[in-house]
S.K.: 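Mind having a look at this structure? Questions to follow.
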Amino acid sequence: MWMVSVLLLILMFLLTCSAHVTTMDRPLRPCDPETTTNPFYSYHIHVLFWQTNANSTGAALALRDSFAKEFNVRQDCPIEAKDPAPEQRTICSFGVDMEPAGPFLTAQWSFFIPKGYYRFSETVEFIMQNRGTLDSFIHPNSGCTTKDHSDWSLWGGTKWELDSSIFSS
């Protein structure tokens, strides 16, 4: 539990360090896999679950509905999941993947969280505190998809294996 709290504090620190820079004022920087300073343009919050288990699926869909209600999410994402989309200013929802998709080897759902969203820490806290037995995965979107999903991510619960071979950067 203390590890999740420490990771959350580190993430909030990183956000406040760059809170005064707007992503709309700068172009997307190409991924430099050798650097550790690529800017984070946005975030994804994922919840992974077992699609073959009715309890896991039911809990995941209930949490998704609760999150959408809590943060007044009314929009399906008009962007592709791989797009850091600094111009997207509101939380939006990607669909529920009931089968493995992307780097995920099981079912999952996700929300796009803009970097400048003033309640970002609340979205992370909500997922961490309400996930129950589900596992959550939070990562930045910098354009360096491999590092975003491996080096710069946070897990709540069990860390699942991801198929990072699908990423080109």
Side-chain angles (χ1 to χ4, degrees), residues 1-15 31 33 36 38-71 73 76-77 79-85 88 91-115 117 119-169:
M1 182 69 176
W2 67 269
M3 191 168 163
V4 171
S5 298
V6 169
L7 290 173
L8 187 57
L9 288 172
I10 291 169
L11 182 62
M12 286 189 275
F13 171 77
L14 291 173
L15 285 172
C31 177
T36 58
N38 276 62
F40 295 168
Y41 297 107
S42 58
Y43 298 85
H44 287 170
I45 293 177
H46 298 265
V47 169
L48 288 72
F49 59 97
W50 296 110
Q51 69 272 23
T52 57
N53 179 299
N55 290 335
S56 179
T57 300
L61 296 179
L63 178 58
R64 184 177 186 273
D65 291 345
S66 294
F67 183 92
K69 183 177 179 182
E70 179 73 20
F71 297 100
V73 180
D76 288 338
C77 289
I79 55 175
E80 292 184 47
K82 65 181 179 180
D83 185 352
Q88 176 70 24
I91 295 178
C92 59
S93 171
F94 292 109
V96 176
D97 289 323
M98 293 302 286
E99 297 294 326
F104 300 101
L105 305 178
T106 189
Q108 62 89 33
W109 57 253
S110 62
F111 285 90
F112 174 94
I113 313 294
K115 181 174 181 175
Y117 185 66
R119 294 177 65 194
F120 175 79
S121 63
E122 290 178 47
T123 64
V124 174
E125 290 170 11
F126 183 91
I127 289 297
M128 292 297 185
Q129 292 175 348
N130 292 282
R131 66 179 183 77
T133 60
L134 299 167
D135 301 308
S136 60
F137 176 60
I138 302 163
H139 68 84
N141 298 303
S142 71
C144 292
T145 51
T146 301
K147 283 190 172 198
D148 290 344
H149 288 78
S150 59
D151 298 349
W152 301 330
S153 59
L154 296 171
W155 285 91
T158 301
K159 181 178 180 178
W160 292 53
E161 183 178 347
L162 300 176
D163 178 9
S164 60
S165 69
I166 68 158
F167 300 132
S168 61
S169 62

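What you see below is based on every heavy atom in this structure, not just the backbone, and it leaves out hydrogens, waters and symmetry mates.
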S.K.: Looking only at heavy atoms, what is the nearest atom pair of Ser42 and Pro84, with distance?
M.R.: OG-O, 2.6 Å

S.K.: Of all heavy-atom pairs between Gln51 and Pro100, which one has the smallest distance, and what is that distance?
M.R.: NE2-CD, 3.9 Å

S.K.: What is the distance from atom CG of Asn141 to atom NZ of Lys115, rounded to the nearest 0.5 Å?
M.R.: 11.5 Å

S.K.: To the nearest 0.5 Å, tell me how far Phe49 CZ sits from Asn55 CG.
M.R.: 13.0 Å

S.K.: Compare all side-chain heavy atoms of Cys92 with those of Asp76 and state whether any distance is below 4.5 angstrom.
M.R.: no

S.K.: With a 4.5 Å heavy-atom cut-off, do Phe137 and Leu162 have their side chains touching?
M.R.: yes

S.K.: If you measure from CD on Gln108 to CD1 on Ile45, what distance do you get to the nearest 0.5 Å?
M.R.: 12.5 Å

S.K.: Could you grab the distance from atom NE2 of His44 to atom CD1 of Ile113, nearest 0.5 Å is fine?
M.R.: 9.0 Å

S.K.: For a ring pair (Phe, Tyr, Trp, His ring centres under 6.0 Å) with His46, tell me which candidate from Phe94, Phe104, Trp109 qualifies.
M.R.: Phe104

S.K.: Tell me which pairs pass side-chain hydrogen bond (donor to acceptor under 3.5 Å, both in side chains) where either residue lies in residues 158-167, with sequence neighbours left out.
M.R.: Asp135-Trp160, Asp163-Ser165

S.K.: Is there a side-chain contact between Leu63 and Phe126 (heavy atoms, below 4.5 Å)?
M.R.: yes

S.K.: Where does the angle between the aromatic ring planes of Phe71 and Phe67 fall among parallel (under 30°), tilted (30 to 60°) and perpendicular (over 60°)?
M.R.: tilted

S.K.: Do Arg64 and Phe111 make a side-chain contact, defined as non-hydrogen atoms from C-beta onward lying under 4.5 Å apart?
M.R.: yes

S.K.: Would you say that Leu154 contacts Tyr43 through its side chain, given a criterion of any heavy-atom pair below 4.5 Å between the two side chains?
M.R.: no

S.K.: Out of curiosity, Ser150 OG to Phe167 CZ, how far, rounded to the nearest 0.5 Å?
M.R.: 8.0 Å

S.K.: How close do Trp50 and Thr57 get, counting heavy atoms only, and between which atoms?
M.R.: O-OG1, 3.1 Å

S.K.: Please answer whether the main-chain N or O of Ser142 pairs with a side-chain N or O of Asp148 as donor and acceptor at a distance below 3.5 Å.
M.R.: yes

S.K.: Looking at every heavy atom in both Ser136 and Ile127, which two are closest together, and how far apart are they?
M.R.: CB-CG2, 3.3 Å

S.K.: Specify the closest pair of heavy atoms between His149 and Pro103, including all atoms of both residues, with the distance to one decimal.
M.R.: CD2-CG, 4.1 Å

S.K.: Would you compute the distance between atom OG1 of Thr106 and atom CE of Met98 and round it to the nearest 0.5 angstrom?
M.R.: 9.0 Å

S.K.: What are the two closest non-hydrogen atoms of Met128 and Gly156, and how far apart are they?
M.R.: SD-CA, 3.7 Å

